[in-house]
Amino acid sequence: MASLKVPRPVPSPTEDAESLRKAFEGWGTNEKSIISILAHRDAAQRMQIRLAYEELYQQDLIKRLESELSGHFEKAMYRWMFGPAEREAILVYTEVRKANPTPDPRVIIEIACVSSPEELLAVKKFYQSCYKHSLEEDVAVRFTGDIRKLLVALVGTYRYDGGEIDTRLANAEAKTLHDAIDEKAFGHEEVIRILTTRSKAQLNATFNCYKDEYGTTINKSLPADSENEFFLALRATIQSLTSPCKYFEKLLRNAIINHGTDEGTLTRVIVSRAEKDLQEIKEVYYKRNNVPLAHAIAKDTSGDYKAFLLALLGD
């Protein structure tokens with residue numbers, strides 16, 4: 001369930017474009033007015049506002065926002081102004097093109113595992129149209145070893161999205177996964193095949209069989225090595241496929257409680273999930289931490305950036 005709150009009735013795109021123009025004019029930018037408009041419009045409405053603004057003023061609204069805003073607020077607003085497929089394609093491109101440090105595989109894992117097959121396909125189409133090469137190609141270039149095999153397979157597969165499960169197959173593949181982990185063959189082709197090709201429903205059945213048969217979850221069976229990028233990627237893959245809200249809650253918790261706020265992760269999660277499942281993520285966060293997510297973010301951020309995130313949270 002989305003956390004985004006859209007007013008009813010919503011002003012016309014032309015009215016919003018005119019209000020934004022007024023917010024840009026004068027002695028200083030009226031950030032509160034910008035937030036009051038754009039943080040309460042869905043993706044389709046934001047696109048209509050962009051079109052209306054360009055028609056009225058012969059100017060790209062996103063470029064105008066970039067020139068008027070700054071810091072973490074500007075970065076968050078920039079991401080918000082795109083539709084989901086555009087935003088995620090830009091996120092991946094920005095990540096894989098980093099020279100230093102190395103790309104964060106979680107960005108790719110989230111997009112490949114949490115998205116529906118149709119959503120992932122839309123991201124890949126936009127990526128190829130915009131950057132003139134495939135997402136798989138760029139991922140293959142930027143990663144090496146087992147993690148490259150995992151990530152390329154994740155973004156290259158069109159999963160079945162139905163709810164049917166094969167119990168016999170689930171039992172057999174639970175054993176396959178257990179044997180590979182027991183033999184420390186974590187990057188075995190069968191492990192990668194199962195994680196990257198099976199439907200989410202089938203994987204849930206397999207992981208349930210794994211727990212029933214071996215007395216522990218598959219994630220707990222993996223080595224507790226926080227420095228090994230591949231182990232971290234395997235865990236992220238499994239959790240984002242089966243429990244995305246818990247996965248995102250953990251990302252937010254770590255982004256807030258670690259030394260120094262991780263604004264990049266905080267922005268990515270809040271902006272990307274506000275129109276999807278941020279309400280559920282908020283509920284999971286409260287159950288896990290006994291503190292409302294809005295309170296934690298308000299305590300850890302400031303200014304227009306804080307106001308914008310809280311608006312997207314619906315608080």
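Predicted model, so just to flag it, every value in this text is computed and none were measured.
The salt bridge (charged side-chain N to carboxylate O under 4.0 Å, His left out) test with E110 is passed by exactly one of K276, R268, R273: R268.
In this structure, D138 pairs ionically with R97, as a charged nitrogen and a carboxylate oxygen lie closer than 4.0 Å. Taking 4.0 Å as the cut-off between side-chain N and carboxylate O, R64 and E68 count as a salt-bridged pair. Salt bridge present: R46 and E275 bring a charged side-chain N and a carboxylate O closer than 4.0 Å. Salt bridge status for R168 with D166: absent, with no side-chain N to carboxylate O gap under 4.0 Å. Between E18 and K22 no salt bridge is recorded (no basic side-chain N to carboxylate O distance below 4.0 Å).
The neighbour count for E55 CD, taken as heavy atoms of other residues, nucleotides or ligands under 6.0 Å away, does not exceed 12. Around atom NZ of K246, no more than 12 heavy atoms belonging to other residues, nucleotides or ligands sit under 6.0 Å away. Remark: H133 NE2 is packed, more than 12 non-hydrogen atoms of other residues, nucleotides or ligands lying under 6.0 Å away.
Put simply, the side chain of Q59 does not reach to within 4.5 Å of the side chain of E54, judged on heavy atoms. Within the 4.5 Å cutoff, the side chain of F143 has no heavy atoms near those of the L150 side chain.
Between T14 atom OG1 and Q48 atom CD the span is 9.5 Å, to the nearest 0.5 Å. Here S221 contributes atom OG and I181 contributes atom CD1; the two are 5.0 Å apart, rounded to the nearest 0.5 Å. We find the CD1-CD distance between I37 and E15 to be 10.5 Å, quoted to the nearest 0.5 Å. To the nearest 0.5 Å, atom CG of residue L61 and atom CG of residue L20 are 6.0 Å apart. The line from CG of L234 to CD1 of I218 is 8.0 Å long, rounded to the nearest 0.5 Å.
Geometrically, R21 engages Y57 in a cation-pi contact, judged by NZ or CZ lying under 6.0 Å from the ring centre and within 45° of the ring axis.
Between H178 and Y214, the ring planes are parallel. Angles under 30° get that label, and only those over 60° would be called perpendicular.
No close placement of the F230 and F186 rings is indicated, their centers lying 6.0 Å or farther apart.
Residues satisfying the salt bridge (Lys or Arg N to Asp or Glu O under 4.0 Å) test with E136, not counting sequence neighbours, are K124. In this structure K175 satisfies the salt bridge (Lys or Arg N to Asp or Glu O under 4.0 Å) test together with D179, sequence neighbours excluded. Checked against ring pair (Phe, Tyr, Trp, His ring centres under 6.0 Å), Y78 has the following partners two or more places apart in sequence or in another chain: F82.
Both V10 and L56 are assigned to one and the same hydrophobic cluster, defined by single-linkage of ILVMFWY side chains at heavy-atom distances under 4.5 Å.
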**OP:** For L154 and R159, run side chain to side chain contact (heavy atoms under 4.5 Å, CB included): C-alpha distance rounded to whole Å, both residues' side-chain angles, the deciding distance at 0.1 Å, then the answer.
**Re:** CA-CA 9 Å; L154 283 173; R159 291 182 192 270; 3.5 Å; yes

